[in-house]
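Note sheet for the following structure.
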Amino acid sequence: MTIPTSSIEQVIPGQGSMAQPEEAHPTKRKRQRFTFVRNKKAAIGLVIFGVYVLFAIIGPWVAPYDPSARGDDLVQPPSAGHWLGTTHLGQDVFSQILVGTRSVMYVGLLAGVIATALSILVGVTSGYLGGKTDDVLSAFANVILVIPAVPLMIIITSILNNASDTLIALVIGLTSWSWNARVLRAQTLSLRRRDYIEASRATGEKTWRIIGFELLPNLTAVIASGFVGTVIFAVLSEITLAFIGIVSNNGWNWGTILFWAQGQQALAQSAWWWFVPAGLAIAFLGTALSLINFGIDEFVSPRLRSAGKTKLKTASGHTVRMRIGFTPVLSSAAAPTPVQREVAKLP
Amino acid sequence: ACGDSPNANNANANKAVDFLKIGMPNGTQTENHNPFAGTSSANALGYKWMIYEPLTQWNPVKPADPATPWLASSVKWADDYKSVDITVRDGATWSDGQKLTADDVAYTYTLIKGNDALNQYAVPYDQITVSGSNVKLTFKSSQFVNQNKILANTPIVPKHVWEKIADPATDTNKNPVGSGPYTLKSFTQAGVTLTVRDSGYWQDLPKVKELRYVSYADNSAQATALANGESEWSFVFIPNAQQTFVAKDPAHHKLWAPGVLGIHGLYINTTVKPFDDPKLRQAMNMVINRTDIFNQAEAGYFHPEIKSVTGLPPGAGDAFIAPEYKGKEFSVDIEGAKTLLAKSGYQLNGKTLTDPSGKPVKIKLSDPAPWSDYQTTLEILKSNFAEIGIEATVEKPNQDVWDANVQKGAFEATVRWTNGGATPYDIYQTVMDGDLLKPVGTASQQGNFGRFKSPEATAALKAYANATSDAERTEQMNKIQKVFVEQAPMLPIGADNVGAAYSDKNWTGWPTDADPYAGAQPTQPYALQIVLKLRPAGA
Amino acid sequence: MSEPVLEIRNLDVDYGLGDRAVHAVRDVSLTLHRGEVLGLAGESGSGKSTLAYGLTRLLPPPGVITGGQVIYHPEKDSPYDVLALSDRKLREFRWAETAIVFQGAMNSLNPVHKISTQLTDVLRAHDPAMSEHSRNARAREMLKLVGISPDRMDAYPHQLSGGMRQRVMIGMALILQPQVVIMDEPTTALDVVMQRQILGQLIELRERLGFSVIFITHDLSLLVEFSNRIAIMYGGRIVEEAPASTIYRNALHPYSEGLLGSFPALRGPKRELAGIPGSPPDLAGMPSGCSFHPRCPKAFDPCPTTVPVLGPPADANAAGRTVACWLHPALENR
Amino acid sequence: MRYFLQRIAFYLFTAWAAITLNFFIPRLVPGDPVQSLIAKYRGQLSSEAIQSLYVLFGLDKQESLWQQYLDYWKQIFQGDLGLSFTFFPAPVSQVISQALPWTVLLVGITTIISFLLGTGLGVLAGWRRGSWADGLLPVTTFFSSVPYFWLGIIAIYLLAGPGSFFPSSGGFDSGLVPAWDQYFIPSAIQHSLLPALTILISSVSGWILSMRNMMVTVASEDYITVAHAKGLSERRVAVSYAARNALLPNVSGFALSLGFIVGGTLLVEIVFSYPGLGFTLLQALGAKDYPLMQGIFLVITISVLVANLLADVAYLLLDPRTRKEG
Amino acid sequence: MTSTKAPSGEVVLEAVGLTKHFPVRRRLRQILRKEHDAVHAVDDVHLTLRRGRVVALVGESGSGKSTVARLLAQLYPRTGGDIRLHGASTRVKGGRPFREYAARVQMIFQDPFASLNPVHTIRYHLTRALKIHGNAGSTADELEAALHDLLTRVSLTPPERYLDKFPHELSGGQRQRVAIARALGARPEALLADEPVSMLDVSIRLGVLNLLRDLKERLNLAILYITHDIASARYFADETLVMYAGRMVEGGDSETVTQAPAHPYTRLLIDSAPDPDRLTGDAGALEEDRGNGEPPSLIKPPSGCRFHPRCPAAMPRCSTDRPVPLEIGDAPGHWAACWLYDKAEAA
Ligand SMILES: Nc1ncnc2c1ncn2[C@@H]1O[C@H](COP(=O)(O)OP(=O)(O)OP(=O)(O)O)[C@@H](O)[C@H]1O
Ligand SMILES: Nc1ncnc2c1ncn2[C@@H]1O[C@H](COP(=O)(O)OP(=O)(O)OP(=O)(O)O)[C@@H](O)[C@H]1O
Ligand SMILES: [Mg+2]
Ligand SMILES: [Mg+2]
């Protein structure tokens with residue numbers, strides 16, 4: 001489980017020694033608000049994610065068939081009638097994927113929210129308060145961390161008879177927050193001695209306000225990327241659980257499709273349409289989320305925010321890349337500029 | 001240079017095909033050659049029957065046929081089946097060279113008798129006596145229904161080895177010494193290799209020089225291995241077997257799945273209203289499309305379709321069907337079901353059936369998620385029941401939860417198996433035995449999960465087990481079947497099979513429909529019969 | 001003090017591209033002579049650091065050099081344009097000819113390497129033939145030179161005090177005996193005792209080794225005391241340049257005057273501090289004409305419309321000074 | 001001293017809590033090993049065998065949960081993990097030691113390769129930001145979002161099969177016996193290629209991403225500019241200055257992921273029938289095999305804690321700043 | 001403002017024998033030897049802040065100036081000594097008492113780049129400062145008026161131009177003025193200004209100092225002014241204290257201390273300050289050998305007088321006896337902790 005965690009430093013905007021005060025520009029800030037969308041990667045991610053959300057909402061209504069309804073065409077390849085072919089019971093795979101989107105998105109997002117909330121609660125509190133509270137909370141997080149998540153989920157879901165999506169999301173959320181809590185704690189530790197935190201304390205702020213209004217906003221990037229990571233993890237977990245046949249809910253999700261496909265040896269039957277699309281659906285969802293993650297990173301951290309283009313043209317027509325250590329020179333070196341100054345004209 | 005390597009000769013052996021590759025989807029194994037331990041690798045892979053032999057062999061495909069003497073040269077049961085006289089074969093030797101004697105046989109049964117952990121079938125042994133090459137076993141009750149379990153399913157072990165073993169139940173029997181034609185060559189967690197004995201076997205030695213057992217992680221790995229020829233013989237459910245297995249090598253890849261006296265069916269919790277009404281259950285029984293289930297859920301072979309209304313499988317069960325039900329077969333009869341329901345006070349309003357009290361009839365079908373054939377079955381049942389307005393939902397609880405619920409009677413309907421045996425007794429006993437009846441909430445481990453209450457059936461089952469004549473048995477069996485058909489406490493669907501998927505590319509001589517001399521599962525005692533019959537292909 | 005080592009001609013540096021670009025350095029021409037200390041002062045944000053790093057193309061993105069030349073005069077060879085060097089040649093040029101001591105020594109040293117490694121890897125890069133032993137010897141020598149006991153060779157940066165780190169950087173700058181050393185506010189974070197110690201050492205070394213220094217600081221008193229010539233920057237341009245004492249006694253540009261009137265003196269009678277009214281200009285929306293005119297007490301007609309050119313003032317008799325102000329129009333401006 | 005005692009106490013507490021949870025959680029699941037065994041065989045095992053199995057497993061004696069818990073601790077202190085039910089009567093330690101090497105070798109080596117490769121690519125992508133190397137990211141991201149069991153199954157379907165170089169399952173050829181010889185080792189390597197590739201493809205992008213981001217951050221540090229100013233070669237600046245500093249968070253991540261090697265690859269092992277610990281764990285879970293589950297959890301717990309410790313130490317070694325005062 | 005009416009010269013805040021030791025992490029060896037090391041950041045410091053007066057604190061970097069300020073602001077718990085607010089000993093850690101204390105004693109942090117939260121606008125920072133201490137008025141208009149008043153006071157005019165900016169959009173000088181405004185928002189009686197002008201060029205520096213002087217006079221503030229710029233201390237402060245290695249070594253009114261320094265360290269400091277009238281060339285003239293010039297270790301501070309290893313006038317007793325503050329006599333209130341001025345020694 002490697003959740004792409006943003007590094008400690010990268011998210012603290014402009015605190016380095018190279019940080020320069022950006023000059024005041026009233027219109028510029030408004031434009032920066034949309035940096036997020038201007039980032040191409042993030043925009044693509046958002047669009048894909050939007051499509052998924054859309055289908056999560058309308059999927060069951062637009063699905064051409066009842067995903068569980070048996071038909072007469074058994075294991076048929078894609079056709080006009082069944083865009084993604086049929087299963088061994090003649091069910092329409094396309095409808096199954098459409099209908100399954102809701103459960104996946106619901107579980108993924110809910111688990112993401114739960115895990116993120118918990119990780120903030122535990123990570124930030126223990127990082128900020130320190131001392132005994134920290135010891136207890138981080139021991140707690142560590143305990144959850146050392147218990148392998150997937151087996152734990154398997155155990156818990158098997159205790160729960162007939163787990164609903166909400167329960168599964170709860171289980172995934174409750175078992176997968178500890179990694180983020182660790183990251184957040186480390187981050188908080190590095191933030192809490194910052195002058196601006198001390199300063200707001202010196203101003204007389206209450207502790208909860210310092211945590212909520214001074215610390216948290218600075219953790220946005222970590223929290224956001226943690227959230228995205230957890231959502232991916234939750235989706236993969238739900239699908240994994242369904243795939244190995246642990247989860248007992250009755251609806252459709254992509255894991256269920258894969259479970260049936262694998263149980264029926266879809267690939268060995270050359271029924272790729274049954275097995276491949278669900279996996280791709282997951283992969284694209286994950287990719288979309290990671291792309292959004294890029295955007296979040298670059299949105300919050302000015303250092304990652306590319307200042308417009310990274311490639312430029314010199315006077316001689318070459319393209320040069322902006323890079324550290326070798327500032328591009330735009331004037332043509334071949335034709336030396338006259339050493340003479342141009343003389344300003346007097347009116 | 002590599003003479004001391006355990007793999008040296010193997011690499012060469014790979015070229016000439018004098019070995020047979022047997023696979024089972026049972027996951028990793030730890031070394032345990034104890035033939036009595038249910039959890040041993042010897043049991044999971046079935047190779048215990050290549051090392052240890054039983055007294056007799058019986059053919060589950062033809063359960064009414066008499067058993068074949070094996071280590072016993074003759075077996076004589078008393079009429080009341082409370083004792084048996086066994087004459088031990090002369091000429092069999094253990095793989096360490098010692099002679100196999102009646103003492104060994106008596107020792108084996110004494111061992112089981114004195115050790116509950118080894119007494120798998122809970123047989124009430126009484127006396128075990130030896131005289132010469134004869135052994136006499138007596139029992140505290142009639143063992144008619146258990147006769148084959150006692151004689152054909154008990155591996156005989158050498159006394160001189162086992163009497164030195166402190167705890168026979170937990171010993172791993174590192175160096176198995178048996179009377180069978182094979183000895184252990186090597187063990188790894190992924191598999192076992194047996195090699196044929198040089199001499200001393202009481203029959204002709206088999207042609208297969210080496211048996212290579214491989215334990216695959218799961219069904220799909222095993223099925224893949226079968227399809228690509230890595231595995232030549234296994235017992236595993238192969239989805240869409242025609243296409244995924246047979247079609248890969250139509251000339252050699254064969255499936256043979258004869259039904260036996262053990263069935264799978266939909267248990268209905270008879271304490272839940274309105275399913276306590278046998279009429280409703282009968283109507284449901286009438287709309288089940290068993291052919292669809294057979295073809296779509298069981299890949300057209302795995303659980304042979306049950307045709308007889310008595311729930312007895314075709315072939316193995318034919319001999320036991322009561323005269324009144326001979327030739328009576330299931331067929332999908334939706335109209336008939338509707339009429340029956342209407343007559344019994346049910347109403348079909350559009351797509352919803354309501355019971356006489358006016359409540360819509362709904363049923364929850366449940367089975368563990370990983371059992372995909374059961375799951376498919378449930379899906380089909382669901383749409384079948386919808387035809388008469390019963391709204392079914394399919395639940396997929398965790399296997400343990402499901403098992404606990406089924407035992408406690410906390411379910412509405414579930415597809416499950418019955419016990420199997422040499423007579424239909426085991427089937428019906430699992431479903432209807434009033435002695436097993438426990439109140440809802442208390443686990444009933446042995447059977448009667450549907451809480452079916454029928455003093456008639458209970459009495460008949462008891463009478464059958466203790467009968468002393470065939471005539472009496474037939475009479476009781478007919479009574480039992482009548483209750484089963486009329487009350488429909490469980491809706492039979494498919495039979496258990498003792499078949500296999502195999503390849504006759506390298507070895508021929510497998511049992512077939514034409515010559516069903518034994519079952520074909522590689523883990524059962526008769527596997528040895530098959531191995532003994534195999535001949536190199538082309539020879 | 002006649003021969004030039006480094007001639008900056010019409011250097012233009014932007015941050016960013018297109019119409020959003022910030023012109024941080026505009027048309028700056030400056031000459032550094034052999035062996036002198038050239039002080040660079042000015043408003044914060046006026047482009048001093050940008051100029052210094054732009055010389056050797058060390059500006060981080062989005063910095064872009066949009067025009068100009070930096071002519072380097074080696075001791076023996078013929079002069080060449082630093083900005084036109086290939087990457088490989090530029091690497092060879094760097095440090096061997098021009099070394100930089102950056103603003104914060106704290107961040108200039110790689111925290112994970114010993115200072116000995118950081119000293120010797122310059123030698124390894126520029127003189128691969130040198131033996132390990134002589135590299136170490138040279139590093140020791142440099143440390144001794146800047147007053148750090150050579151047994152601190154194997155210390156990590158964090159084990160040294162700020163002053164020591166600053167001195168290590170100075171030692172490192174001198175290790176290849178470059179012709180030019182650029183120092184960007186090397187002592188801001190230090191107390192005066194430490195500051196004097198370091199600068200004293202630097203001056204002494206300059207006398208011994210004969211390199212030239214470009215010295216950037218806010219501390220005018222320090223600059224007046226230590227440098228030979230001073231250039232004052234405002235809004236990306238050099239507004240005045242003159243020998244230190246001349247500028248201290250008689251600044252021509254109103255901004256220079258304002259600066260000199262803003263710092264309190266420690267010694268002598270307390271004098272009235274005038275300060276400069278108004279606030280610094282916005283580099284992205286620079287005022288037209290002379291960028292100082294909105295704050296200039298002496299602004300008159302041409303100031304808001306035309307940019308004054310840096311040149312020797314016709315009215316002042318002092319030679320060797322230039323100024324960009326309509327009060328003291330350059331000769332050619334007439 | 002207090003600090004060290006505190007650390008030790010902290011680790012001990014974590015271990016205790018984790019082990020306790022590992023003991024109780026599995027026992028909350030309904031059912032018992034015998035029932036699971038019966039259910040698992042679906043009719044292949046007669047229900048009459050139940051009683052004999054209870055006796056065999058020693059479950060016929062009723063003991064309170066508390067008593068079992070105390071016994072469990074007693075066992076742990078004696079270094080005895082009990083007997084596995086699934087593989088009865090094999091001791092848990094034997095089952096684990098049989099499976100552990102496979103997992104450690106397969107996952108360990110792939111984790112190391114993945115880390116090295118990912119970090120290397122990340123250095124490249126971060127150093128040459130905006131060049132083609134940045135285009136690598138969406139591609140690797142795509143692969144990291146693919147469920148790896150899915151990838152594995154497709155790989156088996158496409159690449160493995162009769163006549164193919166890649167075997168579809170197992171850890172080595174069925175005819176071989178584990179031994180350090182020229183038959184077994186190539187076979188084991190051959191069998192590990194596909195699973196390794198699957199793990200590699202799906203895990204490498206995490207390393208690339210985090211390394212790239214760190215590189216981008218570090219590349220704008222002053223000392224990098226100084227290194228450029230010093231005229232060092234590009235390689236030296238990138239590797240010895242930028243990457244060396246950017247590596248720190250990745251290294252501690254790596255140390256932690258080493259701890260998860262043991263339990264992290266359940267599905268790859270299932271899909272490839274690889275005889276490792278993850279697969280064993282799944283079997284144990286399915287069979288209600290408490291002793292085995294506990295044993296495996298214990299191994300995982302300990303290795304994660306040790307990895308935690310390693311991460312601390314690695315930081316200490318790599319970052320001289322943390323070495324400050326002990 | 002109530003404080004305006006209070007008589008000038010009244011003691012607001014007083015430090016008596018203030019001491020702060022930071023524990024250091026120990027090596028194993030030290031643990032075994034039971035050594036307890038600590039950074040002796042501040043030792044036995046006496047200091048008095050009066051209404052309408054500015055006390056300057058100068059000294060080498062790392063001598064503990066900021067630590068004194070933070071102790072006075074009660075941001076660190078003190079190791080020893082006492083802090084008296086209007087004569088009453090106070091020790092507050094958090095909660096309401098701390099906020100009440102913060103309402104009267106405010107601090108401006110050394111680094112304006114670090115002490116403003118990058119995610120909040122200037123408006124937020126100032127509003128919080130006003131609200132916490134109940135100075136925000138009751139309506140939005142009153143708040144707006146208060147904000148304008150604050151910004152106008154620190155010469156950030158027109159206020160609308162700055163209110164909705166983020167810290168990174170301001171120059172260093174502007175940030176430092178925001179920090180001052182924030183401190184004023186609490187309407188304190190004492191202001192602890194830690195190098196409020198360190199990062200500014202001279203012209204802006206002058207502006208900020210004039211502002212503080214103005215505030216002092218108008219609001220009758222007591223100000224502690226920490227700086228490296230001794231010249232500005234001379235101009236701005238009424239009284240100047242000199243710190244060396246965690247101890248006060250000299251004090252007196254600013255003009256006397258800067259023009260007639262008594263303690264050898266103060267002399268060194270004054271001599272080292274750059275002097276534009278001393279022109280290039282004679283720079284080295286001052287260079288006497290003063291040891292290695294390194295500040296002393298604060299973990300194992302030199303015994304006796306902490307300056308003795310570098311002192312050109314060191315006497316044998318300097319290395320053994322800790323000097324006590326001694327009256328110099330050239331001006332009232334001028335003292336130095338140096339045995340040179342011991343009457344007994346002279347005799
Ligand atoms: N990355 C950047 N993007 C946009 N503008 C920048 C960037 N870096 C610097 N600037 C602007 O360029 C101008 C010149 O900056 P520079 O660092 O050269 O100033 P300076 O004279 O060294 O100031 P200081 O005395 O504060 O160090 C400043 O106004 C600054 O805001
Ligand atoms: N939190 C802390 N933990 C340990 N030591 C500290 C801590 N804060 C400060 N110190 C040490 O205490 C001493 C005094 O630090 P302080 O910041 O008060 O110095 P200063 O006089 O303000 O210096 P400067 O002029 O550089 O700001 C220094 O040696 C510093 O390293
Ligand atoms: Mg600068
Ligand atoms: Mg300070």
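Numbered from 1 within each chain, the chains take letters A, B, ... in sequence-line order. The structure displayed is predicted, hence computed values, not measured ones.
Not one N or O on the side chain of Tyr241(D) forms a donor-acceptor pair closer than 3.5 Å with the backbone of Val218(D). No donor-acceptor pair closer than 3.5 Å links the side chain of Trp254(A) to the backbone N or O of Gly279(A). For the pair Ser103(A) (side chain) and Gly100(A) (backbone), a donor-acceptor distance under 3.5 Å is absent. A side-chain donor-acceptor contact under 3.5 Å links Thr103(D) to the backbone of Leu277(D).
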- [ ] Evaluate side chain to side chain contact (heavy atoms under 4.5 Å, CB included) for Tyr157(D) paired with Ile153(D), printing each intermediate quantity in order.
- [x] CA-CA 6 Å; Tyr157(D) 175 65; Ile153(D) 290 170; 5.5 Å; no
Task: Trp274(A) and Gln264(A): CA distance, side-chain angles, deciding distance, side chain to side chain contact (heavy atoms under 4.5 Å, CB included) verdict - done: CA-CA 10 Å; Trp274(A) 191 358; Gln264(A) 296 297 320; 3.5 Å; yes
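Both the backbone and the side chain of Leu280(A) come within contact range of chain D, each with at least one heavy atom under 4.5 Å from a heavy atom of that chain. Heavy-atom distances place no part of Val235(A) under 4.5 Å from chain D, backbone and side chain included. Of the atoms belonging to Ile224(D), it is side-chain heavy atoms, and not backbone ones, that fall under 4.5 Å from chain A. With a threshold of 4.5 angstrom between heavy atoms, Leu267(A) approaches chain D through its backbone and through its side chain. Heavy atoms closer than 4.5 Å to chain A are found in the side chain of Phe297(D), but not in its backbone. With a threshold of 4.5 angstrom between heavy atoms, Thr327(A) does not approach chain D through any atom at all. Both the backbone and the side chain of Phe275(A) come within contact range of chain D, judged by heavy atoms closer than 4.5 Å. Contacts of Leu282(D) with chain A are made by side-chain atoms alone, with heavy-atom separations under 4.5 Å and no backbone atom involved. With a 4.5 angstrom heavy-atom cutoff, Leu285(D) touches chain A only via side-chain atoms. Only the side chain of Leu258(A) comes within contact range of chain D, with at least one heavy atom under 4.5 Å from a heavy atom of that chain.
Among the candidates Ala278(A), Gly286(A), Ala283(A), the residue making the largest number of heavy-atom pairs closer than 4.5 Å to chain D is Ala283(A). Annotation: maximal heavy-atom pairing with chain D below 4.5 Å, among Ile144(A), Val276(A), Asp135(A), occurs at Val276(A). Chain A forms more heavy-atom pairs under 4.5 Å with one residue of Ile208(D), Ile154(D), Leu158(D) than with any other, namely Ile154(D). Of the residues considered (Ala288(A), Ala281(A), Ser138(A)), Ser138(A) shows the highest number of contacts with chain D, using heavy-atom pairs under 4.5 Å. Listed options Trp127(D), Phe149(D), Tyr11(D), Trp150(D) were ranked by heavy-atom pairs under 4.5 angstrom with chain A; first place goes to Trp150(D).
If you run side-chain contact (heavy atoms from CB on, under 4.5 Å) between Arg185(A) and each of Asn180(A), Leu137(A), Val122(A), Asp134(A), only Asp134(A) comes through.
Checked by atom type, the side-chain pair Asn245(D)/Glu221(D) shows no donor-acceptor distance below 3.5 Å. A donor-acceptor contact closer than 3.5 angstrom is absent between the side chains of Asp222(D) and Thr225(D).
Using cut-offs of 30° and 60° on the angle between ring planes, the pair Phe115(D) and Phe254(D) is parallel.
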